[in-house]
Amino acid sequence: MTDPLVRARNLVKRFGDFVAVDHIDFDVLPGEAFGFLGPNGAGKSSTMRMIGATSPRSGGELTVLGWDPDQAGPHIRARLGVVPQEDNLDLELSVADNLYVYGRYFGIPRRQLRERMTELLAFAQLSERAQDRVNDLSGGMKRRLTIARSLVNEPALLLLDEPTTGLDPQARHLLWDRLHGLKRNGVTLLLTTHYMEEAEQLCDRLVVMDKGQIVAEGSPRELIANHVPKEVVELRFEEADAPGRAGRVDGLASHIEVLADRLLLYTEDGNQTVEAVLNRGLSPANVLVRRAGLEDVFLRLTGRQLLD
Amino acid sequence: MASMEIPMSLRPLHYFWTTFVRQWRSDISTTFLTPVLYLASIGLGLGHFIAHGRALASLGGENYLSFVAPALLVTTAMQVAVSRSTYDVYGCKNWWSGAYRSMLATPLSVGNIVTGHLVWIASRGLMASAFYLAVSAAFGAVHSPAAAADLLVGPAVALAFAAPIIGYAVTVRHEQPFVMIFRLVMVPLFLFSGTFFPISQLPAGLRSLAYALPLWHGVELSRGLYLGRLSSLAILGHSAYLLGVATIGVLAARSTYRRTLAR
């Protein structure tokens with residue numbers, strides 16, 4: 001059995017009285033893509049920053065690449081790649097300068113760094129833009145540059161905090177493609193996201209976080225199988241009065257979520273449930289039958305939606 | 001060939017140097033143009049009147065240019081240091097540069113960042129001092145080879161200001177306090193630290209204040225070196241004072257940086 005790259009037991013982060021991370025346990029294994037899924041404020045970024053050895057933990061145990069971040073921060077950071085939630089590229093400097101300066105922080109010799117930069121620019125599809133100021137790049141390009149930069153030291157573990165937040169779908173798919181490529185090359189990925197699709201696309205295993213705690217753990221498929229039935233029927237009504245209708249679908253599904261604008265009926269057979277709904281004389285404006293996903297797992301576990 | 005490892009504390013200089021190379025044109029006025037203008041207008045222009053007045057004796061016998069030039073070297077080092085340690089620190093901490101956050105994700109520690117930034121500001125003080133020294137020598141204001149030691153005085157003054165100020169600047173949430181530092185600290189010090197007239201002219205209370213603040217020590221040191229007439233004891237005393245302030249500043253800055261950046 002290989003040792004985990006990251007191991008946390010009873011990990012805690014407090015800011016004053018506020019408990020951002022509340023006694024969590026997890027292991028990240030070599031070569032896997034591990035995700036922290038949860039809404040804003042769930043404690044994902046605080047966890048990432050503790051793993052990144054930039055934020056001291058308030059309690060519990062944490063080892064990263066076999067070291068304690070409190071003791072060996074510089075050693076750990078030398079072998080990590082970090083993609084923070086907000087790009088911290090220097091907007092005034094060129095694409096190439098951003099890579100160069102960052103590589104020099106790691107003490108990479110000049111010549112070796114130049115070679116590495118050529119590869120990284122190609123990886124990020126920014127070879128043509130090497131001499132342009134970062135300020136002139138699109139959001140997707142900046143994000144790719146941040147990811148390329150995080151790879152400059154050939155990290156053993158790549159931390160990605162909300163890697164595609166704020167990007168348009170096309171830019172997001174391009175990034176996922178890059179990240180899949182890294183995974184194929186054996187890079188261990190650790191990412192946070194509040195996008196279900198991203199978690200489903202990228203993560204081998206994930207934990208669902210809410211209010212600083214881990215509420216579920218598993219592969220995306222396991223999480224769905226363990227926490228929700230196969231299908232979901234979404235009912236939207238003309239008047240925004242979904243809660244008022246909730247009583248009328250009682251018993252038609254194994255579980256019902258009442259949202260402001262719609263009802264979600266969790267069921268093994270969506271079409272059959274729709275029929276039953278119509279038989280009760282309800283006339284929703286819009287009916288959608290779909291497969292249950294991680295969004296539903298989250299809703300089921302926390303009673304809240306991921307994206308508000 | 002074995003590659004030389006650059007010490008962690010000097011690695012931030014890659015960033016500052018790269019930025020400087022890209023942007024030096026916008027810095028040129030504080031560092032280079034202003035000194036020349038001051039030397040010409042105050043040293044030569046105003047000095048012309050003083051040379052013919054009664055005041056000359058109280059300046060120590062040299063012309064006014066020789067009195068004011070060494071002081072302006074030091075005040076320039078201070079100005080460079082204050083501007084570099086306010087807005088630049090704010091920028092490095094916040095989004096438009098993000099430099100500190102980038103550095104923190106690498107093997108660099110908070111202490112390395114403090115040291116690296118201060119070494120850079122001291123280097124800027126050195127650049128300004130070197131330029132100033134050359135210009136004032138060209139104006140004929142340097143009277144002793146000892147003036148070369150001003151290449152250390154400039155950076156020392158820069159550090160004595162920069163260290164406490166970066167420690168403060170990293171904690172602020174808005175830029176407004178910087179304007180106050182310029183108006184309420186830098187300008188009065190510039191005018192009343194023996195730069196343009198001996199502080200013996202000041203009322204006793206203000207004089208003790210001038211003694212207590214770092215700029216006057218730098219001015220005395222620089223002037224003594226330019227004129228070649230400062231006792232070793234005085235050199236030692238002023239230098240010790242400047243380095244003392246810088247040391248306390250560094251310790252304070254390390255603590256505020258840690259509290260602000262490593263949360």
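So that the names make sense, note that chain A is the first sequence line, chain B the second, and so on, each numbered from 1. As the structure is a computational prediction, the values presented were derived from the model and not from experiment.
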_So if I take each residue of residues 120-148 of chain A and look for any heavy atom under 4.5 Å from a heavy atom in chain B, which residues do I end up with?_
none
*Pairwise distance CG(Leu261(B)) to OG(Ser55(A)) - rounded to 0.5 angstrom*: 11.5 Å
_Approximate separation, where rounding is to 0.5 Å, of Arg101(B) CZ and Thr54(A) OG1_ = 10.5 Å
*Residue pair Arg104(A) / Ile6(B), side-chain heavy-atom distance below 4.5 Å*: yes
*Among residues two or more places apart or on two chains, list those pairs meeting salt bridge (charged side-chain N to carboxylate O under 4.0 Å, His left out) that have a residue in residues 42-55 of chain A.*
Lys44(A)-Glu162(A)
*Heavy-atom side-chain contact between Arg149(A) and Ser102(B) under 4.5 Å*: yes
*asked:* Heavy-atom pairs under 4.5 Å with chain B: which of Asn98(A), Asn153(A), Asp97(A), Val82(A) has the most?
replied: Asp97(A)
*Give a yes or no on this: more than 12 heavy atoms of other residues, nucleotides or ligands lie within 6.0 Å of atom NZ of Lys211(A).*
no
*asked:* Heavy-atom cut-off 4.5 Å, strictly under: side chain, backbone, both or neither for Leu13(B) against chain A?
replied: neither
*Out of curiosity, Arg263(B) CZ to Lys13(A) NZ, how far, rounded to the nearest 0.5 Å?*
8.0 Å
*asked:* Tell me whether the count of non-hydrogen atoms from other residues, nucleotides or ligands lying under 6.0 Å of CZ in Arg9(A) goes above 12.
replied: yes
*Name the member of Tyr100(A), Tyr105(A), Tyr102(A) that forms the most heavy-atom pairs with chain B at distances under 4.5 Å.*
Tyr105(A)
*Go through the atoms of Arg22(B) and report whether side chain, backbone, both or neither lie under 4.5 Å from a heavy atom of chain A.*
side chain
*Yes or no on side chain to side chain contact (heavy atoms under 4.5 Å, CB included) for Asp90(A) and Tyr15(B), after CA distance, side-chain angles and deciding distance?*
CA-CA 10 Å; Asp90(A) 194 297; Tyr15(B) 168 73; 2.6 Å; yes
